[in-house]
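Input: a single structure, listed below in C-alpha cells.
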Amino acid sequence: MPEIAQPFRFGSNAGQPVTRRDGIAKVTGAAAFAADTAPAGLLHALCAPAAIARGRVTHLDIARAESHPGVVRVLTPANRPFLEGDPAEKPTMFSFRIEVLQDDSVRYAGQPIAMVLAETPEAAAEGVRLLNPQYAAETPRVTLDEEAAYPVEPGGFGRPAATLHGDIEAAHGAATRALDVTYTTAPQYHNAMETHAVVAEWTGDRLHLALPSQALAMSCAAYAWFFGIPVENVTLSSPYLGGGFGSKAIPTGPQVLAILAARVLGRPVKLMLPRAQMFGPTGHRGATRQRLRLGIDDDFALTALDHDSLSETSSFDDFHEPAANASQGLYAAQALRSTHRGVRLDVGTPGPMRAPGEASGSAALECAMDEMAEQAGLDPLAFRLLNYAETEPGTGRPYSSKALRDCYRLGAERFGWAHRPLTPRQMRDAEGMLVGWGMGTALFPAPMFQAQARATLNPDGTALVETAAADMGQGAWTALAQIAADALGLPLEKVTFHSGHSSLPDGGVAGGSGHTATAGGALHAAGTDVIRQLAEIATADPASPLHGAGNARVAARDGQLFLVDDETRAEAFEAILARHGGQSLTGGGSAARPPEDAQRHAMSSHGAVFAEVKVDPELCQVRVTRLVGAFAAGRIINPRLADSQLYGGMIWGIGMALHEEAHHDPRTGRVLNADLAGYHVPVNADVTGLEVLTVHEEDPHVNILGIKGVGEIGVTGTVGAIGNAIWHATGKRIRRFPIRIEDLLAE
Amino acid sequence: MKPFDFKQPATLEQALTLWHPGAAWLGGGTNLVDLMKIGVARPDTVIDITRIPGLSEIDLADDGSARIGALVKNSDLADHPGFAARFPMVAEALLSGASGQLRNAATLGGNLMQAPRCPWFQLPESACNRRNPGSGCDARQVGGLALIGASEGCSAIHPSDLCVPLLALDAVVEVAGPDGHREVPFATLHRLPGEHPETATTLAPGELIVALRLPAGAARFAGHAAYLKVRERTSFAFALTSAAAALELRDGRITAARLALGGIAPKPWRVPEAEALLIGQPPGAEVFARAAAHALEGADPAARKNWRRLLAIRTAQKALHMAALGTPETLPALPGSVFRSPAQEVSHA
C-alpha cells in the first residue's frame, strides 16, 4: 500500500490551502500506478476489439495468433474458462452487464471478441492482429432515433423515474409566453490520462489485484462475485489514479477477462487498455435529445417547466443519462415535469460520467432559460432571480442551505455583467471579433454514501488514520487528512494517512461529489472516538491535570487535551499515554446520512457561471476568453483543491460546449476519433481568464462537517453559459453541443 | 506489433545501403511509431537516420536563400531567429502544428512525408487503397474527405501545416538515393492519388530527403506573409482549412503574390489563378475576395455543398488580408490564429 509522504506545508488543517500530499511523487514520476506493478512471471493481455457494432464473429485465426513467438494463449468464446458470476447478471447495484466472451455476438464496436496473452505487450498486439476476425455484420444503430424511443422504466441507477409536480397542462395553458425547444448533446467518452488497467495474481483461491478504482470495497465485492470466492479473499491495491470521471467505479469486461486469464494460466496477468479501447467497454456519456417546454405569465414567473430527455443506452443494459432531472430542483415553476425516454443502440452501455445527467440537462435547461428571457425581453440573470426558488420546487422542502443569490451577485459583479447589452451582436474587440456574454446556473446534489475509518494515536503523539478512499487526482487524500488531523487535534504533519488498499476500512465511493463528506465524516468520527477514549483515560487519571473533569468538557488541540472552561488545565497526548502503559489508542468511525435527514431537506451545491466568448465573424471560430464561476458548496476543506476541482469542471464545460464528441462510422458503428488527437478536449490555450469564487455556507443539516462537494458542479451552468454567450455574440441560437464552426457558418 | 530489425547507420551511405523494400526511415518517429502501434505501418526494418552527420544544419545564405537539413527539429527551425525573420509564415506554420512536445521531436524531412489522418487509413480493418491497394475506400462510402484533388480511390487530406507555405514559396527538396542525389521542386513532391493512392510522393523507393532549400526569391515576402489555420480548438488539432498567403507590395500595388491552401486536398494546394489575379492590383477586400474565390476551382461537385468549401475560401481571403496588413514584428503568441490577443478590451457598439 502506498506510503503517503508527509505534507510539505505544516500547521494547516481544514480550511487551509494545503498542497497535494501526493503532488511531488506524481510530478517526479515516483508514484507507482497500478499498472506499474510487475510481479515475476507476468503475462501481458490485450483484447481484440470488434471492428463492427452489430453482428457475429464468424472466424478467428487462432492457430496463426498462437503460433506467433511469445503468444501464450488466445481466449475466445470457444475456450473461455468458466466464470462463476453470470455476466448477464449484476454483482452490485452500481454494475453493468459485461462482455466476457460469453458468445460470438457483437453488440458494439470495441467489444472484446478475444483476448491474447503473451510474454510481451508487442507479442500480444501482433497476436491480436493475426486473429484477423471475420464477421457477419448487420447494419448498426448508432444515432438517436425518435421512432424507436420507449419510456424509461424506472429502476434506480441509470433508470430515472419520471416526476410531476402540479398540473403541467394547466400551467402550459396559463402561460402568456411559451417556449418549445429541442437541444442535443453528443456522446462523450471518459478519457482519463490513465486508461483502465489491472495486474491480477492468484495465490490458490486468493486474488490480488492492482487496479485503479474509484470504489475499492465495492470492486472487491464485485470481483469476488465474478470468481465465486469470498470477498475477504480479494485484496485490491489502487495506489494512485490518473483520473476516473466515473468510469473506474465499475468492473469492466476486459478487466474480468484478464483476471480470469491469470487464474487459468497460473501466472500474473497485466492488462492496460490502449486508448482506442477506452471507446467501448468502459462506459461513456450517452447522447441526448432534450425537449424543453417553458411557459411564463405576465409577471415573468415560470408557470411550466417541462423537460423530456431522449437518451441512448446499449442493446443489453440500461443507463440513461438522467438529463431531465437537472430542471427539477432549480427554478420555482408552478408545474414541473421530467420524463426520460430511451433508444437502444449498438454501443457499449453508457455510464456515469462527471455530473451524469446534470451536465447534459443543465446545458439544455440554461439555454432554454436564456431563450425564455430573450423572448420576455429580460436580462437572463434578472429572469432567473424572478424565478428564484426559496424552497425546493415541487416538494416545498427547505434547502439545507442555499447561497445561490450570493453566487449570482458576486459572480455578476466580478464579471461585470451589469454592462451587458440586452440584445446580441453589440460588442466587438479591437480586432473586430464578436464578443458575447452569457450565464448559467450551476446545481449539483450533495449526496452521501457510506464509509468507515480507523484512527490510531501513537504514544509519541503522532497518529495513523486509515480508510480505503480513492484519490483520482482530485486531492481527496489531502483533504481527508486535513479532516482527520482536525478530529484528532493534531497538526497535519503528525498524521500519517493510509489509503488506497482494500485491507483498510471501507472508504466508500469516490463519486457523486460525496467522497470528502462521506470518507471525511468517517475519519472525523474515528478521530473523535480516539479523543473520547483519551479523555476518559485522562479524566480518570489522578495524575492528570484533567482529572475529574467530565468527558464532555474536554477538547483536543495541537496535540493536547484541555478543559474547555479552563484552558490552563491541559496535558499533551504523549504524557497521558505514557502513564497509561505507553500503548497506542485506536478508534473507529463511520459515516452515512440518516434517511430522515435526507427527507427533511433538499441538499445541493449551487453556483452561477458567467462566460465571455469571442467569435471570429468570418471563420466562425469560437474561443472562451473569460469564465467566472461563483459556487456555494457548504464548507470548503481545502480552498486550493476545491478551486482546482471547480476549474476542472468548468474546463470540462468548455470541452462539452465546443469540443467533445465521439463520431461513429455510420456503416460499421466504430468510433472514428478514438484517440486524443481526434477526440478533442480543451488544450491549455483554450482556457484563458478562468476564475472561481466560493461562497461560504454554514450548513448544519447536510452532514456533521457541513460539506457539500465540488467535484462535478463546475460542469453544470458552464456549458449553457457558453452557448448563451455564443448567441449573444452572434445572434445565432445553436441548439446542439458541441457547437461547431459549421453551425455558425451556416447562413 | 510486428517484430523488426533496428538499424542506426552512422553515415548517409550506410543508410542508403541498408534500405530495402519493407524498411522504413525513422526520424523523430512522431508519425511512424504511432502508425506501427496501430498496425498501419509494418516495417521489417527500421532505419534510424538521426545519427547521420550533417543533416541538422540551418544555413542562411547572403542571397536570401536557406538550406535546412532534413533532421532539423520543427521547434528548432521555428525558433531560429534568422530563419523566422526571413520566412515568417513557415515559422508560423511550424508553430501551429501538433504540440510543443511533438514539435521538439518531429523532423523537417518527416513532416514532408507524413501520412494522412484519414480515420479509415488508420483503422487497419477498413478498406483503404492507400494502405492496401485495391481494397477500396471506406471514406468515399461516407462522402469523402478532400474537397478537391481526390480520386474515386482516395480522398484523404494531406495533414501538414509546414508544407503549405513551403509550396507557396517554391521550396526545393534535396534527395539522396541509390542512384545519387537529385532535386525535387516542392510542387512535384506530393502526388494526387489518382489510380495509385498508395504512392503519395514522387520519391523513388529507397530515396531519402536530406535537405530543403528555400530560394532567394522567397525572402521578398518576409514583410507581408501570413499562415492562417482554422480549427475548433487552439492547439493540437489538424487544420479544418489553412492558407499561406504572401505578398510583395510596391507603391501600393501587389507586385508578387503567393497563395496555397491546406486541409482541403490530398496534397498542399496552390492557387496560381489567384496569384495571377492579384498582380498589379492594390491590396483590398474586394480583390482578395475575387482571388480567394479561385481557391476551389475544379472542386469535386459534391464539395460545392460542403461547408468547408466556404470556410476554405474565407480562410484564403483572411490570410491575404492578414498578409497585406504586414507581418507582425514577432511571431504571435497563438501562431496561425486570428485570435492574436485574447486579453483585448471589449468595446460596446
Side-chain angles (χ1 to χ4, degrees), chain A residues 51-52 69-70 120-123 125-126 128-129 132-133 274 276 419 421 425-431 433 435 437 612 614 616 618-623 625 655 658-659 663 665-668 670 672-678 680-686 688-689 738 740-742 745-747, chain B residues 1-4 34 36-39 42 98-100 102 117-120 122-126 138-139 141-143 159 228-238 240-241 306-308 310-315 317-318 321 333-335 337-349:
Chain A
I52 63 165
T120 66
E122 292 81 7
E126 188 63 7
V128 164
R129 196 193 69 83
N132 191 25
H419 303 292
R425 283 188 85 94
Q426 299 298 306
M427 297 191 293
R428 298 251 182 179
D429 75 2
E431 310 227 290
M433 299 293 164
V435 180
W437 291 354
E612 176 183 276
K614 292 189 178 177
D616 160 9
E618 292 148 328
L619 305 170
C620 301
Q621 297 173 101
V622 180
R623 299 293 184 265
T625 46
L658 299 176
H659 305 130
H663 298 287
D665 183 333
R667 295 179 313 135
T668 63
R670 292 188 80 166
L672 292 172
N673 56 336
D675 62 46
L676 292 181
H680 287 183
V681 297
V683 298
N684 277 332
D686 291 310
T688 56
R740 298 284 188 202
I741 287 173
E742 67 176 292
L745 198 65
E747 295 302 331
Chain B
M1 190 183 280
K2 181 177 167 181
F4 57 89
D34 276 352
M36 289 170 69
K37 286 201 287 194
I38 61 176
R42 297 178 49 76
S99 65
L102 287 167
R117 307 292 162 147
C118 171
W120 293 274
Q122 298 193 77
L123 290 172
E125 301 86 353
S126 56
D138 276 351
Q141 300 296 322
V142 294
L228 176 58
K229 179 174 182 178
V230 180
R231 44 186 166 171
E232 307 276 8
R233 70 176 176 186
T234 304
S235 179
F236 197 38
F238 291 100
L240 289 167
T241 57
N306 193 317
W307 59 272
R308 282 170 48 240
L310 176 61
L311 189 65
I313 290 169
R314 289 193 185 175
T315 306
Q317 195 174 338
K318 183 79 179 178
H321 172 75
L334 300 176
S337 175
V338 293
F339 296 93
R340 300 239 156 174
S341 39
Q344 291 226 356
E345 285 294 306
V346 171
S347 65
H348 292 68

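Values reported hereafter were calculated over all heavy atoms of this structure, with side chains retained and with hydrogens, waters and symmetry mates removed. Chain A is the first sequence line, chain B the second, and so forth, proteins listed ahead of strands; every chain is numbered from 1.
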Let me know if B:Arg42 has heavy atoms under 4.5 Å from chain A in its side chain, its backbone, both or neither. side chain
Counting distance only, does the side-chain N/O of A:Lys614 pair as donor-acceptor with the main-chain N or O of A:Met433 below 3.5 Å? no
Which portion of B:Val230 sits near chain A, non-hydrogen atoms under 4.5 angstrom: both
When only pairs under 4.5 Å are counted, which of A:Asn684, A:Val622, A:Val683 shares the most heavy-atom pairs with chain B? A:Val683
For A:Ala677, which atoms come within 4.5 Å of any heavy atom of chain B: side chain, backbone, both, or neither? both
Which atoms of B:Lys318 come close to chain A, meaning under 4.5 Å heavy atom to heavy atom: side chain ones, backbone ones, both, or neither? side chain
Using non-hydrogen atoms and a 4.5 Å limit, figure out which bit of B:Asp34 sits close to chain A: side chain, backbone, both or neither. neither
Under the side chain to side chain contact (heavy atoms under 4.5 Å, CB included) test against B:Thr315, which residue among B:Val338, B:Leu228, B:Leu240 passes? B:Leu228
If you tally heavy-atom pairs under 4.5 Å between each of B:Arg308, B:Arg231, B:Gln122 and chain A, the highest tally belongs to B:Arg231
With no hydrogens and no angle check, is any side-chain donor or acceptor of A:Glu126 less than 3.5 Å from a backbone partner on B:Lys2? yes
Okay, A:Arg623 and chain B: the region with an atom under 4.5 Å from a heavy atom over there is both
Is a donor on one side and an acceptor on the other found under 3.5 Å between the side chain of A:Asn673 and the backbone of A:His663? yes
Side chain, backbone, both or neither: which part of B:Pro124 has an atom under 4.5 Å from a heavy atom of chain A? neither
Please determine, among A:Thr120, A:Asp665, A:Thr668, the option with the most heavy-atom pairs under 4.5 Å with chain B. A:Asp665
Once rounded to the nearest 0.5 Å, what's the spacing between atom CH2 of B:Trp120 and atom CZ of A:Arg667? 7.5 Å
Tell me the closest heavy-atom pair linking A:Ala123 and A:Pro69, and the distance in Å. CB-O, 3.6 Å
Which atoms of A:His659 approach chain B - backbone, side chain, both or neither, heavy atom under 4.5 Å: side chain
Value for CG (B:Leu310) from CG (A:Leu745), rounded to nearest 0.5 Å, stands at 4.5 Å
With chain A, which of B:Gln317, B:Arg314, B:Glu232 has the greatest number of heavy-atom pairs at distances under 4.5 Å? B:Glu232
Could you tell me the separation between the NZ atom of B:Lys37 and the CG atom of A:Asp675, rounded to the nearest 0.5 Å? 10.5 Å
Residue selection (most heavy-atom pairs with chain B, distance under 4.5 Å) from A:His680, A:Glu618, A:Glu122: A:His680
A:Arg670, part contacting chain B, at a heavy-atom distance under 4.5 Å: side chain
Closest heavy-atom contact between B:Ala139 and B:Cys118? CB-SG, 4.1 Å
